[in-house]
Amino acid sequence: MRNNSEKIFIAVAWPYVNGNLHVGHLAGYLLPADVFARYQRLRGRDVLMVSGSDCHGTPITVQADKEGKKPVEIVNEYHKRVVELFDLYDLTYNLYTKTTTENHKRVVHELFLELLKSGFIVKGVMKQYYSAKDNKFLPDRYVEGICPHCKAKEQRSDQCENCGRWLKDGELIDPVSKLSGESVELKDTEHYFLDFPKLENDLKRYLNGEFDENNEKKSKKEIWREWVFAEAFGWLSEGMEKRAITRDLDWSIVLPEKEIKELAKKGEILEDQVLANFEGKRIYVWFEAVTGYLSAPQEWNGLVQSDPAANDNKTVYKKTKERLFRYFKSQSKNWKDWWMNPNSKHYYFMGQDNLVFHTLMWPGQLIGANKGRKANEKYALPYNVVVNKFLNFNKAKFSKSRENIIDSREIAEEFGTDAVRYFILSNLPENKESNFIWERFVDVVNDELVANLGNFINRTLVFYDQKMMGKLESGEIEEVVKENIHSMIEKTGKYLEKVEFANAIYHGLMELARFANRYFNDKEIWSLIKTDKKAAENVMYNLLQLVEALRLIIRPFLPMAATKLSKILGREEMEHSASKDDWGFTEVKETKLTGKVELLFEKIDKELVLKDKTGK
RNA sequence: CGCGGGGUGGAGCAGUGGCAGCUCGUCAGGCUCAUAACCUGAAGGUCGUACGUUCGAAUCGUACCCCCGCAACCA
């Protein structure tokens, strides 16, 4: 089934599953992506949001060595925890999967072979440390020796931590394997490389918005955050080099050796494009993980096809230890509607460490693949690459080893996900780094979320319940109230379209909450009710319209509170569906309280929390 | 000269040529429906430094100082 609503693809960075996710992950990409997705769905757009666990690469094997386990055990354990965490925060992925699936491997192989055929993947030779004792090549991380500059011992092979100097291949004195302690030697090793110099010109055109596959012809300078564009442009101007896409590893996706050899036999690639030896060669994680953006939608497609409820056009949510899967009512069931549709818009969310991979490398991979694809099967390129800087803690990076960390699950269990969402979203490191400070967290939650937004809704509903029996059937909306509601909803939406979350909160959502409190005060409904009951009822009618507007506007940001409020008001949940634009205010004539009036947000005991968290 | 980002009242941030703004905090007043919440008002800044361009600079140029990211278990 097809529908005509605008297609929005939301690609969320794939976290390494070598540990638990901390608050920095939430701020970097998880929460912004979810808010954006929820908002787009409320606008009736057909959103496909995917991500998964990045299961390969050295960080995984390092963690496995540390815990004395196999990589696959590490991956399964932490993947399961990430799935639990995302379920707890109710992040609305259509699919959260992982890179160890057969589907992913198939798609990576496909992309690899396409790039090989169109000549963007070439062979090359590099030097790598080889351990005769272990009988294999070792990643830099597994080799240490003496720094030739400062003579410090036990330094890694790429940079000396002691003097900070970069080391060239072979400069390290007496290199030894960290695994066996035996000495290692530099040896030539043959690998595949992605030929970025060949893609450079197309990437320039891509940034300038001139690219064929990009319909809008708008420079990325106008769309991306200013500093994101500047950084990407800087990298590109420096000139790009060929980059290895295979490594000598044993924990990663294997090369499609058979298919490569067949292509050579059929003459579709040159004999010279075949490696002399495939032994121990695996696909480098940076090439493979981003390909998840292409493989996950296909996995989702398969799940939708085989799900009876989805085929009945019902909203589906399924959580297993393997994945999170969702289908929203009246969504398209065909992944190609997002990927092979020049009108679909692709938004990528990530932390700044991933900037180059998503602004240049991944578009390069797609552009290369598109060269060999038919006009109607070309992949859509990233429209906006939304990058956040880092959220620091105690003026330093979050760090596992230094125990400078706040666990995402723990903070949610202690304060609730809405409080965490509100604080983080209103303090995002959108243009510069920001800091997580406990005192600020408590102040922001208490003074803004609880005292302003929460208090307005509470004082209105309590008054309504106690003084008016929670029953009112009609009234007249005041022009100024209507005006404010409409302009604040519009403003919030405008900022969200531009992926400016703090602005959306402060110049939209909270502005409306402040207006509402002012209106309550100015009308003095508590005295009015004693002198003119009819007039008081009309004021209440207006207050209830404001509550209704807030119920709508908080929905993308504070989903738990929105649901709770819907229950109290006895209103239908605003349902995510890919057809109806709900982001508009409709006056509600009648409000009957069906649930008990409860607090939406709880105040935090500042003294207690500060003592607990900082010892002060 | 590796590439980038940032330095604005106590805190966090907006503002890219035209009277220096927002949220929080502080102080004073008001209100009492509400989670001691809400509303009004005030104090508080020579916009990192210096020179320059301009009728006019936080905003443009040049030089300099400081902090940070990109490369290390990390987003």
Side-chain angles (χ1 to χ4, degrees), chain A residues 13-16 18-19 21-30 58-59 62-63 66 140-141 155-156 158-161 164 166 225-238 349-356 387-392 395-402 404-405 426-435 437 439-440 443-444 446-452 454-467 500 502-503 505-507 510-511 513-514 516-529 536 540 543 597-604:
Chain A
W14 293 50
Y16 268 129
N18 61 338
L21 300 186
H22 52 70
V23 173
H25 293 95
L26 293 177
Y29 56 101
L30 299 173
T58 25
V62 165
Q63 186 65 24
K66 211 182 204 173
D140 294 335
R141 295 271 310 282
Q155 293 307 317
R156 290 202 333 269
D158 49 351
Q159 186 191 20
C160 174
E161 280 187 338
W166 282 96
R225 288 183 180 152
E226 218 171 305
W227 69 271
V228 173
F229 181 84
E231 188 126 342
F233 196 78
W235 278 92
L236 190 56
S237 308
E238 273 187 74
F349 288 83
M350 75 215 64
Q352 61 179 352
D353 60 327
N354 266 317
L355 187 145
V356 180
V387 189
N388 280 320
K389 301 220 158 196
F390 287 151
L391 177 71
N392 291 328
K395 301 270 173 192
K397 282 179 155 194
F398 281 103
S399 161
K400 253 177 271 178
S401 58
R402 267 171 283 153
N404 191 49
I405 208 150
S426 60
N427 288 280
L428 283 182
E430 288 174 0
N431 297 308
K432 57 179 165 189
E433 299 202 342
S434 62
N435 266 289
I437 297 159
E439 186 173 1
R440 224 181 116 60
D443 283 345
V444 165
N446 283 350
D447 301 329
E448 297 179 23
L449 188 63
V450 175
N452 208 300
N455 181 52
F456 168 72
I457 293 170
N458 186 243
R459 73 199 286 210
T460 300
L461 295 184
V462 167
F463 194 95
Y464 185 49
D465 189 30
Q466 292 178 359
K467 304 277 164 47
E500 294 175 14
N503 280 336
I505 287 179
Y506 285 114
H507 300 300
M510 287 312 281
E511 193 79 41
R514 273 188 294 276
N517 270 315
R518 214 176 307 136
Y519 181 81
F520 199 115
N521 255 63
D522 293 350
K523 292 292 172 184
E524 298 184 30
I525 189 173
W526 56 91
S527 342
L528 195 61
I529 195 168
M540 179 50 71
L543 290 169
V597 176
E598 280 177 81
L599 296 178
L600 297 184
F601 315 105
E602 302 269 357
K603 200 170 168 176
I604 299 171

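Chain A is the first sequence line, chain B the second, and so forth, proteins listed ahead of strands; every chain is numbered from 1.
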For atom CG of A:N431 and atom C1' of B:G69, their distance in whole Å: 14 Å

Pairing residues for A:F390 by the ring pair (Phe, Tyr, Trp, His ring centres under 6.0 Å) criterion, not counting sequence neighbours: none

Side chain to side chain contact (heavy atoms under 4.5 Å, CB included) against A:L236, all qualifying residues, sequence neighbours excluded: A:E200, A:L203, A:K204, A:L207, A:M240, A:L360

Separation between OG1 of A:T460 and CE of A:M540, rounded to the nearest 0.5 Å: 6.0 Å

Heavy-atom pair with the smallest gap, counting every atom of A:K397 and A:N404: O-ND2, 3.0 Å

P-based separation of B:G52 from B:U59 [nearest Å]: 14 Å

Aromatic plane relationship, A:F463 with A:F520 - under 30° parallel, 30 to 60° tilted, over 60° perpendicular: perpendicular

Sugar-phosphate, base or nothing in reach of A:Q63, heavy atoms under 4.0 Å: nothing

Side chain of A:E238 (C-beta onward), nearest among B:C3, B:A14, B:G5: B:C3

Distance-only donor-acceptor check, side chains A:R440 and A:N435, under 3.5 Å: no

Sugar-phosphate, base or nothing in reach of A:G234, heavy atoms under 4.0 Å: sugar-phosphate

Separation of B:G41 C1' from A:D522 CG (nearest whole Å): 14 Å

Whole-Å P distance, B:C39 and B:C47: 32 Å

A:Y506 OH: over 12 foreign heavy atoms closer than 6.0 Å: yes

Length of the line joining A:E226:CD and B:U16:C1', which is rounded to integer Å: 8 Å

For RNA chain B, the dot-bracket pattern of Watson-Crick and G-U pairs whose distances stay under 3.5 Å, | for other-strand partners: .(((((((.[[[[.)..(..]]]].(((((.......))))).....[[[[[..)....]]]]])))))).....

Reported CG-to-CG distance for the pair A:L600 and A:N455, which is rounded to 0.5 angstrom: 11.0 Å

Nucleotide-resolved protein contact map, nucleotides 33-38 of chain B, B/S/- at heavy-atom distance under 4.0 Å: BBB-SB

Interatomic distance where CD belongs to A:E430 and P belongs to B:G5 [whole Å]: 17 Å

Between B:G4 (P) and A:Q352 (CD): distance, integer Å: 15 Å

Pairwise C1' distance, B:A58 and B:C1 [rounded to whole Å]: 27 Å

Length of the CZ-P vector between A:F229 and B:G4, whole Å: 12 Å

B:C70 OP1/OP2 closer than 4.0 Å to side-chain N/O of A:K397: yes

Whichever of A:F398 and A:A513 has its nearest RNA chain B nucleotide further upstream toward 5': A:A513

Length of the line joining A:M510:CE and B:A14:C1', which is rounded to integer Å: 17 Å

Salt bridge (Lys or Arg N to Asp or Glu O under 4.0 Å) partners of A:E500, counting only residues at least two apart: none

Between B:C13 and B:G7 - P atom distance, rounded Å: 9 Å

Whole-Å P distance, B:U26 and B:G10: 15 Å

P atoms of B:A57 and B:G69, separation to the nearest Å: 35 Å

Touch class at under 4.0 angstrom, heavy-atom based, for A:L355 against every strand present: nothing

Separation between the C1' atoms of B:A28 and B:G44, rounded to whole Å: 15 Å

Nucleotide B:U23, atom C1' - distance to CG of A:N446 in whole Å: 15 Å

Closest contact, heavy atoms only, A:E598 versus A:N458: O-ND2, 4.4 Å

Nearest-Å distance once atom C1' is located in both B:A14 and B:G45: 15 Å

Residues in ring pair (Phe, Tyr, Trp, His ring centres under 6.0 Å) contact with A:F456, at least two apart in sequence or another chain: none

Sugar-phosphate, base or nothing in reach of A:N388, heavy atoms under 4.0 Å: nothing

